[in-house]
Amino acid sequence: MKVIVVGSGGREHAISYTLAQSASVDEVICIPGNGGTAFEKKCRNVDVKGSLSDTVTTVAKETGAAFAVIGPEDPLAEGIADVLWQAGIPTVGPKSKGAALEASKDLSKQFMAKYGVACAYSSTFTDMGAALAYVEEKGAPIVIKADGLAAGKGVVVAKTLDEAKDAVRELMDGKVGEAGKKLVIEEYLQGVEISVLSAVSVTPESAKSGKATIVPFLPARDHKRLLDGAQGPNTGGMGAVCPLSDVSDETMQLFRERILEPTLKGMISENMDYRGFIFFGLMLTKDGPKCLEYNVRLGDPETQAVLPMMDFDFAALCQAIIDADGKGALADFPLCWKSGFQVAPVAVSGGYPGSYVKGKAITVDSEAMAKTGAKLFVAGAVNDRRANSGAASGAMVTSGGRVLACSAHGATFDEAWTKAYEALKTVHFDGMQYRKDIGLPGAAESN
């Protein structure tokens with residue numbers, strides 16, 4: 001069968017690669033894909049012509065694609081899953097009602113409160129004066145969040161009152177556009193963060209049959225700060241590890257009871273058609289795990305560390321998600337995981353997360369990379385078509401801040417870590433930088 005993957009980042013490269021490993025998949029059509037998927041076995045890039053939903057619909061009908069997987073949050077928030085299902089195209093990704101759990105921080109907090117999801121206490125503001133007065137009353141540390149999607153730039157963990165007030169002013173004055181016109185201001189939780197990516201299959205029909213479910217994957221950890229030791233500015237993610245030695249079975253059971261199950265109950269009660277993935281951002285506090293946020297898709301770069309740990313057919317999982325109430329439903333799907341660990345450090349452009357120069361030629365010592373056993377997942381890189389660019393014809397050049405990840409597996413964490421960093425040494429582009437402590441003690445962000 002042929003399948004479609006929508007998106008152009010490292011997450012989408014990992015999704016496409018993993019789908020291509022399935023014996024049932026003949027071709028993965030990446031819309032638009034990137035410089036990595038362009039060379040991936042069984043993968044093909046297709047440019048977006050006109051609207052994204054029109055392109056996906058046309059390609060799906062022309063190729064007879066079995067289903068589409070939506071990678072990023074923006075098209076989900078805009079309702080692409082609704083459009084595709086209406087066109088008769090099975091889609092892995094929630095319809096717009098479910099996608100709003102990420103698109104609006106205020107709505108997601110209301111949802112958590114309504115259904116008893118363990119989370120930080122918060123208040124919502126549309127008036128700057130009222131928001132500043134609230135911050136003054138509560139003091140610091142405190143967390144300021146833009147309500148809407150802001151490409152990872154809408155959250156400020158303010159350690160001082162001045163930082164908090166500056167964040168309120170900047171966000172409401174348009175730093176992240178319309179997303180910051182409404183703010184959610186949360187209590188500051190003490191602890192360490194983890195990510196739990198999960199498969200979801202909820203429809204009104206599956207709710208009636210008792211097959212509506214959320215199935216969690218192995219816990220993972222993203223490292224957001226730019227520099228070693230969790231220092232420097234926040235980024236979209238400098239690397240991920242999976243699974244986590246510091247997350248106990250007891251913690252995961254509390255997560256299920258206090259966060260996952262109430263979330264499932266809420267999706268059912270709200271009559272959502274949510275067939276896709278959800279990413280629980282959690283803070284492990286002294287009082288147990290609390291939900292920081294919902295992301296209505298797989299995380300990036302966590303996907304590059306979690307998917308390689310799968311010891312089951314990812315394409316079959318996607319079909320089980322879609323077939324919410326059938327014999328092959330997700331509720332009956334066995335998830336098996338490899339033993340060992342996966343480590344995936346990310347290489348970024350010089351200047352990131354600030355301004356950076358694109359178009360830097362990327363070289364990879366493929367022979368040396370192969371010896372490490374690591375897999376390179378491309379994010380911000382495209383095939384170079386320019387003359388006199390300094391890159392070989394068809395070679396990759398940088399096109400984004402986060403350029404690529406080297407993901408490696410090992411029987412032990414140390415083995416995986418060594419392989420991943422040996423692999424990263426085989427890659428070069430001008431200005432390339434990366435953290436050298438992903439997954440090591442002291443590397444995780446903690447409050």
Side-chain angles (χ1 to χ4, degrees), residues 6-9 11 51-53 70-83 93-114 117 119-132 134-135 142-158 163-188 193 195 222 224 233-237 263 266-267 270 272 274 276-281 283 291-300 353 400-402:
V6 175
S8 61
R11 163 184 49 224
S51 74
L52 178 60
S53 59
I70 313 302
E73 63 272 25
D74 286 340
L76 289 168
E78 292 163 6
I80 190 171
D82 305 67
V83 173
K95 291 184 178 179
S96 55
K97 188 173 183 178
L101 290 175
E102 179 173 2
S104 170
K105 297 286 193 303
D106 179 40
L107 183 147
S108 70
K109 295 297 289 190
Q110 291 182 39
F111 177 92
M112 291 180 202
K114 183 176 181 179
V117 176
C119 63
Y121 177 80
S122 70
S123 290
T124 300
F125 299 89
T126 55
D127 178 78
M128 185 185 296
L132 290 170
Y134 182 81
V135 167
I142 198 166
V143 181
I144 317 296
K145 294 182 176 181
D147 173 62
L149 297 175
K153 299 176 182 178
V155 178
V156 177
V157 180
E163 286 179 14
K165 290 180 176 179
D166 287 345
V168 168
R169 295 187 185 100
E170 289 176 2
L171 290 171
M172 298 194 89
D173 277 340
K175 182 181 178 181
V176 294
E178 290 299 313
K181 297 301 182 182
K182 180 188 289 186
L183 296 183
V184 173
I185 302 181
E186 284 186 349
E187 67 171 315
Y188 174 90
E193 291 188 42
S195 307
D222 180 15
K224 290 290 188 185
N234 268 325
T235 71
T263 299
M267 289 178 173
E270 298 293 330
M272 290 184 183
Y274 195 126
F277 302 105
I278 193 166
F279 157 13
F280 296 92
M283 183 70 78
C291 189
L292 296 174
E293 63 178 354
Y294 296 123
N295 289 167
V296 298
R297 32 72 189 188
L298 294 174
D300 192 342
R402 290 190 299 151

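Atom set for the values below is all heavy atoms of this structure, side chains included, hydrogens, waters and symmetry mates excluded. Residue numbers count from 1 along this sequence.
Here the closest heavy-atom approach between residue A77 and residue A103 is recorded as CB-CB, 3.9 Å. When every heavy atom of A146 is checked against every heavy atom of G180, the shortest pair comes out as CB-CA, 3.9 Å. Taking all atoms of both residues into account, the shortest heavy-atom contact from A164 to I142 is CB-CG2, 3.7 Å. Nearest approach of S96 to D82, heavy atoms of both residues: N-OD1, 2.8 Å. Closest heavy-atom contact between A81 and P94: CB-O, 3.3 Å. Between M112 and C291, the shortest heavy-atom distance links the atoms CE-SG, 3.8 Å.
In this structure, CG on L298 lies 7.5 Å from CZ on R11, to the nearest 0.5 angstrom. Here D300 contributes atom CG and S195 contributes atom OG; the two are 11.0 Å apart, rounded to the nearest 0.5 Å. Here the CZ-CE distance, from F111 to M272, works out to 5.0 Å after rounding to the nearest 0.5 Å. From L101, atom CG reaches atom CD of E73 across 13.5 Å, with rounding to the nearest 0.5 Å. Expressed to the nearest 0.5 Å, how far OG of S123 lies from CG of L183 amounts to 11.5 Å. Remark: I70 CD1 to E78 CD distance equals 11.5 Å, nearest 0.5 Å.
With R402 contributing its side chain and G236 its backbone, the two residues share a donor-acceptor pair below 3.5 Å. Remark: side-chain polar atoms of E186 are not paired, donor with acceptor, to backbone N or O of S122 under 3.5 angstrom. With hydrogens and angles disregarded, no donor-acceptor distance shorter than 3.5 Å links the side chain of T235 to the backbone of P353. Side-chain N or O atoms of K105 include none that pairs as donor or acceptor with a backbone N or O of K182 at under 3.5 Å. Remark: side-chain polar atoms of K114 are not paired, donor with acceptor, to backbone N or O of K109 under 3.5 angstrom.
Under the 4.5 Å side-chain criterion, counting only non-hydrogen atoms from C-beta, N295 is not in contact with I278. In this structure the side chain of M128 reaches within 4.5 angstrom of the side chain of V168, judged on heavy atoms.
Ring centroid separation for the pair F279 and Y294 does not come in under the 6.0 Å cut-off.
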### Task
Evaluate the criterion side chain to side chain contact (heavy atoms under 4.5 Å, CB included) for residue pair I144 and V135; output intermediate values, then yes/no.
CA-CA 9 Å; I144 317 296; V135 167; 4.1 Å; yes
### Query
Is there a side chain to side chain contact (heavy atoms under 4.5 Å, CB included) between E193 and D222 once you walk through the steps?
CA-CA 8 Å; E193 291 188 42; D222 180 15; over 6 Å; no
### Query
Should V143 and K145 be marked as a side chain to side chain contact (heavy atoms under 4.5 Å, CB included) after you check the CA-CA gap, both sets of side-chain angles, and the distance that decides it?
CA-CA 7 Å; V143 181; K145 294 182 176 181; 4.0 Å; yes
### V296 vs Y274, side chain to side chain contact (heavy atoms under 4.5 Å, CB included): CA-CA, chis, key distance, verdict
CA-CA 9 Å; V296 298; Y274 195 126; 3.4 Å; yes
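A salt bridge between D173 and K175 is absent, with no side-chain N of the basic residue lying under 4.0 Å from a carboxylate O of the acidic one. A salt bridge links E102 with R297; the closest basic N to acidic carboxylate O contact falls under 4.0 Å.
Side chain to side chain, S104 and D147 meet the donor-acceptor criterion of an N or O pair below 3.5 Å.
Here Q110 pairs with D106 under the side chain to side chain donor-acceptor pair (under 3.5 Å) rule; sequence neighbours left out.
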